[in-house]
S.K.: 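Before I ask anything, let me first share the structure, which is written out below as structure tokens.
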Amino acid sequence: MKKVIIESLKSYKWKILLQVALITLNIYLLTWPAKIIGNIVDLLYDIPNNKQYILLNTYYLVGICVFLLFVRVTWKYYEGYIARGFEKDIKDKLFERFQKIKTAKLQKIKNGEIMSYFVKDTNEIRSAVYRILSHGTRVLTTFIIVTGTMIQGVNLKLTLVTLCPILVTSYIIVKLKAYVEKSFKKSQDQFTLLSEYVQESTDSIRTTKAYSCEGEQLKEFIRKNRKLRSNNNEVDVYSNLLSTCLSICFGLCYGISLLYGSKLVLEGQITIGEFVAFNGYIGLFEGPVSWVPPLIARFKRAQISYGRLEKVFELEREKISVKSKKVKEKLDGKIEINNLTFNYSGYLEPALKDINLKIEKGQTLGIIGTIGSGKTTLMNLLTRLYNVEREKIFIDDKDINDIPLEVIRNNICYITQDNFLFSSTLKNNINLFRDEYEDDEIEDSTKKAIIYEEISNMTDGIHTVIGERGTDLSGGQKQRIVISRAFLKQSNIVILDDTFSALDNRTEQRLLKNIKSLTEGKTCIIISNRISDVKHSDNIIVLDNGEIIENGTHEELLNKRGEYYNYYKQQSTKKEENFLN
């Protein structure tokens with residue numbers, strides 16, 4: 001995370017230096033109006049003789065104000081440009097890192113927490129950098145330039161005595177910052193919990209409505225929101241306490257200036273004009289000193305957010321480039337698995353036990369089994385979504401750990417069972433945002449997936465924008481749109497994981513014929529709970545509790561009268577048996 005921040009700031013180094021120079025110039029110019037007004041006051045004792053000098057000083061004052069406006073607008077432009085550019089860089093790097101995090105680690109992060117990283121934490125870091133570069137520079141230059149001007153242009157003793165309350169207040173602020181940090185951390189954690197709850201509630205809205213649980217959901221939200229309000233109130237209390245300290249501080253400054261400064265005027269050590277200018281200089285401290293508490297608070301918030309994001313950047317990641325590029329290296333599709341056993345983190349029982357398989361290039365493997373039997377886990381290991389021990393899985397006689405991830409995933413077309421669709425056009429959902437495919441190729445893939453006619457009836461065809469997760473499509477439509485990806489991607493290994501569950505029998509049979517032509521000469525793995533999907537495979541395995549309990553062709557497995565035969569009997573009516581035979 002530290003490296004990301006430094007690299008981003010380095011890319012803006014010249015603009016940052018220009019911003020600092022403009023802020024310094026701005027503070028220096030701000031001392032001139034008070035000085036000019038003081039000069040004018042001293043000239044007012046003899047207006048007839050000093051009229052020309054009074055007008056000249058007035059012109060200087062107007063000119064300084066116009067120039068200040070130009071400097072301030074330029075500086076503000078660079079300030080916003082750097083801050084928003086920095087925020088963009090952080091979010092880009094954070095999203096890129098999430099793309100690389102290993103699946104096992106990523107699954108432990110809740111959606112609400114992820115949104116908190118992208119919205120709350122990145123904003124806190126951006127705001128801290130923005131305030132340090134802007135407010136921090138202004139505080140530092142104000143103390144140096146304005147204090148120097150007060151000492152040199154007015155009186156050393158008056159300056160030191162008047163600034164004493166500011167030093168005392170700064171000490172109080174340092175003491176209060178620990179409470180600010182603690183209260184904000186509690187608020188940040190509660191915000192994350194509330195975000196996670198809102199995310200889960202919106203994802204499960206159909207279930208909530210189906211079981212009439214709206215009241216309970218609302219009560220829980222109110223409880224969490226009340227706790228967040230309480231934590232935010234605590235943050236506000238300490239923030240207001242800091243603001244009150246500042247108000248008292250400057251009240252004391254002006255009081256000391258009025259009493260001691262008047263004495264110096266009466267003694268003739270300073271002029272009335274210098275006394276007026278001095279009080280103008282004090283006013284220049286109000287802004288910068290008032291920024292110190294929120295600057296400290298913002299810095300502490302950013303530290304917490306930095307720590308949260310640092311943990312994300314420390315998560316184990318895959319050695320894969322997320323840049324969009326087409327990998328030319330091809331795999332033939334021969335797969336061999338030897339004595340594979342796999343445990344999910346935190347589970348005692350292995351998800352897979354002593355798996356041995358051999359799939360020759362161009363063969364089709366059918367996998368059948370109950371939910372939780374290990375079917376999808378096996379495919380996740382084949383695509384290296386989880387770490388695999390060496391000497392367990394081989395593709396084209398190479399250990400899977402020796403094959404670059406880009407090569408594996410660009411050579412395996414994996415149609416998963418969740419049928420996930422993006423809130424984008426149908427075209428982007430099929431080509432997965434890759435520009436290497438023409439519209440004609442995409443339309444041809446939809447024809448083979450038996451979805452072309454339904455897409456053609458939509459207003460914008462393949463350019464139709466669908467809702468979040470494809471909520472405006474039926475289950476069968478979503479499934480066929482996902483399947484069309486397999487016809488578009490030219491891979492020698494095709495995995496279909498419970499791909500036909502939402503299809504009617506007629507559409508399924510038509511689609512299976514097209515898939516048969518698609519997988520001709522390719523290695524294909526079909527995972528299903530239905531006999532009709534896997535019966536034509538060259539080899540079929542039956543998984544149960546992570547173990548292969550049966551292995552053979554459709555006919556061989558039926559003759560064994562084992563678990564596969566039981567599946568067959570459960571799924572086949574008399575009419576279907578005649579059809580299948």
Side-chain angles (χ1 to χ4, degrees), residues 329-342 351-369 373-386 388-405 407-417 483 486-487 489-500 512 514-544 546-558 560 563-564 567:
E329 185 177 346
K330 288 288 185 181
L331 297 176
D332 291 332
K334 180 184 177 182
I335 299 171
E336 187 174 351
I337 301 175
N338 297 323
N339 304 317
L340 173 64
T341 298
F342 176 77
L352 294 172
K353 306 171 189 174
D354 198 26
I355 301 296
N356 288 277
L357 272 177
K358 191 170 184 179
I359 313 170
E360 297 294 341
K361 174 188 174 182
Q363 284 189 339
T364 297
L365 172 70
I367 303 178
I368 195 167
S373 59
K375 306 186 297 294
T376 301
T377 299
L378 184 58
M379 296 306 103
N380 288 338
L381 295 179
L382 193 59
T383 52
R384 272 183 61 191
L385 293 178
Y386 294 90
V388 182
E389 290 183 38
R390 297 191 65 84
E391 306 293 326
K392 298 298 181 183
I393 300 179
F394 296 85
I395 300 179
D396 295 347
D397 298 321
K398 295 180 183 177
D399 191 299
I400 196 171
N401 293 287
D402 296 330
I403 305 174
L405 273 174
V407 175
I408 292 175
R409 293 177 187 171
N410 277 279
N411 278 275
I412 296 179
C413 180
Y414 185 14
I415 306 301
T416 60
Q417 57 184 316
I483 291 171
F487 290 101
K489 187 177 181 181
Q490 299 299 315
S491 305
N492 285 332
I493 302 174
V494 180
I495 301 173
L496 304 170
D497 188 352
D498 201 16
T499 307
F500 316 109
L512 281 171
N514 290 342
I515 288 176
K516 189 173 182 180
S517 62
L518 165 72
T519 58
E520 189 172 348
K522 299 179 180 181
T523 301
C524 181
I525 300 174
I526 300 176
I527 301 171
S528 180
N529 289 319
R530 297 196 289 188
I531 297 292
S532 58
D533 295 340
V534 301
K535 63 172 292 186
H536 297 294
S537 302
D538 298 303
N539 188 35
I540 302 169
I541 63 171
V542 180
L543 280 176
D544 185 53
E547 296 181 274
I548 299 176
I549 58 173
E550 291 182 10
N551 187 0
T553 64
H554 174 69
E555 289 75 15
E556 289 172 347
L557 291 174
L558 287 180
K560 288 182 180 179
E563 192 64 30
Y564 184 86
Y567 279 120

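The shown structure was predicted, so the numbers you read here are calculated from the model rather than taken from an experiment.
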S.K.: How many angstroms lie between CD1 in Ile395 and CD1 in Ile400, if you round to the nearest 0.5 Å?
M.R.: 4.0 Å
S.K.: Has Asp544 got a side-chain atom pairing as donor or acceptor with Ile549's backbone, closer than 3.5 angstrom?
M.R.: no
S.K.: Donor-acceptor pair, distance only, cut-off 3.5 Å: does the side chain of Arg384 make one with the backbone of Arg409?
M.R.: no
S.K.: Are more than 12 heavy atoms, taken from residues, nucleotides or ligands other than Lys560, located less than 6.0 Å from that residue's NZ atom?
M.R.: yes
S.K.: For Ile335 and Thr523, which heavy atoms make the closest approach, and how far apart are they?
M.R.: CD1-CG2, 4.1 Å
S.K.: So which heavy atom on Glu391 is nearest to which on Asp399, and how close?
M.R.: N-OD2, 2.6 Å
S.K.: If you look at every heavy atom in Thr553 and Asp538, which pair is closest and at what distance?
M.R.: CG2-O, 3.5 Å
S.K.: Under a 3.5 Å distance rule, please check whether Lys330 uses its side chain to pair with a backbone N or O of Asn411 as donor and acceptor.
M.R.: no
S.K.: Measure the shortest side-chain to side-chain distance between Ile368 and Ile531 over non-hydrogen atoms and say whether it is less than 4.5 angstrom.
M.R.: yes
S.K.: Ignoring hydrogens and geometry, is there a side-chain-to-backbone donor-acceptor pair from Ser491 to Val494 under 3.5 Å?
M.R.: no
S.K.: Please report the interatomic distance CD1(Ile408) to CD1(Ile403), rounded to the nearest 0.5 Å.
M.R.: 5.0 Å
S.K.: How about Asn492 and Asp332: does a side-chain donor come under 3.5 Å of a side-chain acceptor?
M.R.: no
S.K.: Is the side chain of Asn401 donor-acceptor paired with the backbone N or O of Val388 at a distance under 3.5 Å, no angle test?
M.R.: yes
S.K.: Check whether any side-chain heavy atom of Ile359 lies under 4.5 Å from a side-chain heavy atom of Asn539, and answer yes or no.
M.R.: no
S.K.: Could you check whether any side-chain heavy atom of Leu352 comes within less than 4.5 Å of a side-chain heavy atom of Leu381, counting everything from C-beta outward?
M.R.: yes
S.K.: What distance separates Ile495 CD1 from Ile525 CD1, expressed to the nearest 0.5 Å?
M.R.: 4.5 Å
S.K.: Can you tell me how far NE2 of His536 sits from CD1 of Ile540, rounded to the nearest 0.5 angstrom?
M.R.: 9.5 Å
S.K.: Taking the side chain as C-beta and beyond, is there a heavy-atom pair between Tyr564 and Lys535 under 4.5 Å?
M.R.: yes
S.K.: Looking at every heavy atom in both Arg530 and Ser528, which two are closest together, and how far apart are they?
M.R.: N-OG, 2.9 Å
S.K.: Are any of the side-chain heavy atoms of Asn356 and Ile548 separated by less than 4.5 Å?
M.R.: no
S.K.: With a 3.5 Å distance limit and no angle check, can you tell me whether Thr341 reaches the backbone of Asp354 through a side-chain donor-acceptor pair?
M.R.: yes
S.K.: Flag yes if more than 12 heavy atoms outside Glu389 fall under 6.0 Å of its CD atom; otherwise flag no.
M.R.: no
S.K.: Measuring from atom CD1 of Ile493 to atom CD1 of Ile412, what distance do you get when rounded to the nearest 0.5 angstrom?
M.R.: 4.5 Å
S.K.: Apply side-chain hydrogen bond (donor to acceptor under 3.5 Å, both in side chains) to Lys334 and list each qualifying residue two or more places apart in sequence or on a separate chain.
M.R.: Asp397
S.K.: Does the side chain of Asn529 reach to within under 4.5 Å of the side chain of Lys375, using non-hydrogen atoms?
M.R.: yes
S.K.: Which heavy atom of Ile355 sits nearest to which heavy atom of Gly546, and what is that distance?
M.R.: CD1-O, 3.3 Å
S.K.: Are any side-chain N or O atoms of Asp396 and backbone N or O atoms of Gly333, one a donor and one an acceptor, separated by less than 3.5 Å?
M.R.: yes
S.K.: Has Lys353 got more than 12 heavy atoms of other residues, nucleotides or ligands less than 6.0 Å from its NZ?
M.R.: yes
S.K.: Would you check if Asn338 and Phe394 make a side-chain contact, meaning some heavy-atom pair closer than 4.5 Å?
M.R.: yes
S.K.: Testing the basics here: between Thr383 and Asn380, what is the closest heavy-atom pair and its distance to 0.1 Å?
M.R.: OG1-O, 3.3 Å
S.K.: Answer yes or no: is there a side-chain heavy-atom contact under 4.5 Å between Leu378 and Leu357?
M.R.: yes
S.K.: Does any N or O in the side chain of Asn551 come within less than 3.5 Å of the main-chain N or O of Ile541, such that one atom is a donor and the other an acceptor?
M.R.: no
S.K.: In Å, rounded to the nearest 0.5 Å, how long is the span from CG of Leu405 to CG of Leu385?
M.R.: 9.0 Å
